[in-house]
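Reading through the structure tokens given below for one structure.
Because only heavy atoms are used, hydrogens play no part in the values below, and waters and symmetry mates are left out as well, while side chains stay in. Each chain gets a letter, A, B and so on, in the order its sequence line appears, and its residues count up from 1.
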There are 2 protein chains.
Amino acid sequence: MSPPPPEQSAAELAAAGERRRGRRPAGQDTKDALLAAARAEFSAHGYQGARVRSIASAAGVDAAMVNHWFGGKEGLFAAAMDLPIKPEVLLSRLLDGAREDLGERIVRTFLTVWDGTGGGAFVALLRSVSTHEEAARMLREFVTEVVFRRLADVVGADRPALRASLCGSQLVGLGMARYVIKFEPLASADIATLAITIGPNLQRYLTEPLP
Amino acid sequence: MSPPPPEQSAAELAAAGERRRGRRPAGQDTKDALLAAARAEFSAHGYQGARVRSIASAAGVDAAMVNHWFGGKEGLFAAAMDLPIKPEVLLSRLLDGAREDLGERIVRTFLTVWDGTGGGAFVALLRSVSTHEEAARMLREFVTEVVFRRLADVVGADRPALRASLCGSQLVGLGMARYVIKFEPLASADIATLAITIGPNLQRYLTEPLP
DNA sequence: GTCTATACAACGATAGAC
DNA sequence: GTCTATCGTTGTATAGAC
């Protein structure tokens with residue numbers, strides 16, 4: 001069904017340029033090469049479709065470099081998309097605490113992380129998402145398959161996919177309202193206020209019975 | 001008084017390649033001129049700062065033409081921004097019914113209107129909003145000053161501006177999730193399901209006590 | 001000599017072919 | 001069910017910069 005993947009690229013690289021072991025000459029081109037290759041691969045095949053080995057081959061290095069420099073596939077995606085936090089750190093923050101405070105904690109973490117970049121990173125992200133279809137696909141796939149899935153496991157309610165997408169809609173809208181459109185007074189409100197106003201609604205999405 | 005339509009002979013129509021029979025749709029030039037002038041004026045001065053008289057003057061027509069063709073400043077704005085519904089129609093739909101169903105009615109109206117365009121209009125709107133600062137300013141100002149204000153009057157709760165911007169965040173996020181990012185299953189869910197899941201959260205934003 | 005960026009081999013998990 | 005290929009990840013040895 002699927003054509004044989006061009007695994008020769010690694011061998012070709014090994015044949016053309018000698019892949020020496022050990023520390024390479026200064027100038028960290030490995031990280032940049034991986035990032036460039038990752039953007040192309042993620043954009044072409046989505047998050048799940050992108051292969052770490054293919055990215056590493058395209059960058060001319062070993063797949064283990066992804067782990068060494070970015071902590072894994074998720075970290076590489078986060079770096080390639082300029083996300084202000086690694087998904088594993090995000091999830092560990094969210095899941096650390098009482099379950100009845102999960103909604104508020106999600107809002108507080110979301111705003112703390114994006115406020116930290118002055119909102120510029122969010123604007124950039126949503127600009128590319130609304131302009132490039134591939135960016136929208138990448139974000140959709142990554143958020144649903146990586147972030148939502150693990151979150152839904154913890155909540156343990158029915159219809160986890162619907163609940164997750166409902167939460168996602170409120171969070172994306174919060175970012176749009178605060179950083180892009182700048183609805184007042186929401187755009188200037190402090191995080192605590194928004195956490196206790198929006199948090200319960202996320203909690204409801206996550207736990208309340210659905211039709 | 002409308003300007004006298006220029007009488008044309010059959011020969012002149014044939015020479016110009018005119019295929020339409022009967023009376024030509026008068027006023028299209030005027031409408032287009034007004035729309036172009038309106039986009040420039042709204043973009044430069046925002047919704048409130050834009051003067052109907054300035055727009056009409058720039059279009060070379062009388063200010064009364066705005067009322068004649070677009071029903072007023074709001075209708076002109078809606079047409080200039082390619083909004084799929086006129087704000088007055090939108091608001092009359094929202095305010096027609098029991099107040100405890102307002103949240104659900106907002107979601108149902110929002111989705112019905114934008115689904116009617118296949119979502120393309122929403123994508124186009126948010127693309128321009130996320131790329132052009134003026135577009136963001138126009139939308140922000142219009143929604144807060146025109147839509148939210150009147151909605152808040154009906155609800156009659158405290159801190160109407162905060163409540164309105166909270167509702168706006170959820171609605172913008174709903175549109176992003178459904179039409180741009182396409183979170184599943186939200187993107188494919190029927191309107192009734194989303195109305196009864198999201199509606200109560202809007203209702204809470206509008207009526208629940210705030211800190 | 002020390003440090004570390006690197007390559008290679010191998011492991012557990014998973015998905016599809018048969 | 002079994003087998004196989006491939007995935008992401010991990011452990012480890014090493015070469016070269018410092």
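With Thr117(B) contributing its side chain and Trp114(B) its backbone, the two residues share a donor-acceptor pair below 3.5 Å.
Ser165(B) and Glu184(A) are not linked by any side-chain donor-acceptor pair at a separation below 3.5 angstrom, with hydrogens and angles left out of the test.
Looking at the side chain of Trp69(A), the nearest of the listed nucleotides dT6(C), dT10(D), dG8(D) is dT6(C). Relative to the side chain of Ala64(A), the nucleotides dT9(D), dC7(D), dT10(D) differ in distance, and dT10(D) lies closest. With distances taken from any side-chain atom of Asp62(A) to the nucleotides dC8(C), dT6(C), dT9(D), the minimum falls on dC8(C).
Rounded to whole Å, atom C1' of dT14(C) lies 15 Å from atom CD of Glu145(A). Between Lys31(A) atom NZ and dT6(C) atom P the separation is 11 Å, expressed in whole Å. Atoms CE (Met65(A)) and P (dG8(D)) sit 16 Å apart, rounded to a whole Å. The nearest whole Å value for the distance from the CG atom in Leu34(A) to the C1' atom in dA7(C) is 13 Å. Distance, Asp29(A) CG to dA17(D) P: 13 Å, rounded to whole Å. Counting to the nearest Å, the P atom of dG11(D) and the NE2 atom of His68(A) are 13 Å from each other. Between Asn67(A) atom CG and dT6(C) atom P the separation is 14 Å, expressed in whole Å. If you take NZ of Lys73(A) and P of dT6(D), they are 16 Å apart, rounded to a whole angstrom.
Note on residues 155-189 of chain A: pairs passing ring-ring contact (aromatic ring centres under 6.0 Å, His included), not counting sequence neighbours, are Phe122(A)-Tyr179(A), Phe183(A)-Phe148(B). Applying the salt bridge (charged side-chain N to carboxylate O under 4.0 Å, His left out) test to residues at least two apart or on different chains, the pairs with a partner in residues 107-118 of chain A are Glu104(A)-Arg108(A), Asp115(A)-Arg178(A).
Between Thr30(A) and dT6(C) there is a side-chain N or O to OP1 or OP2 distance below 4.0 Å.
At most 12 heavy atoms of other shown residues, nucleotides or ligands fall within 6.0 angstrom of atom CZ in Arg51(B). Heavy atoms from other residues, nucleotides or ligands lying under 6.0 Å from CZ of Arg93(B) number 12 at most.
The residues Asp158(A) and Arg163(A) are annotated as salt-bridged, a charged nitrogen and a carboxylate oxygen being separated by less than 4.0 angstrom.
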Using a cut-off of under 3.5 Å, enumerate the N/O to N/O pairs linking the protein to nucleotides 11-13 of chain C.
none

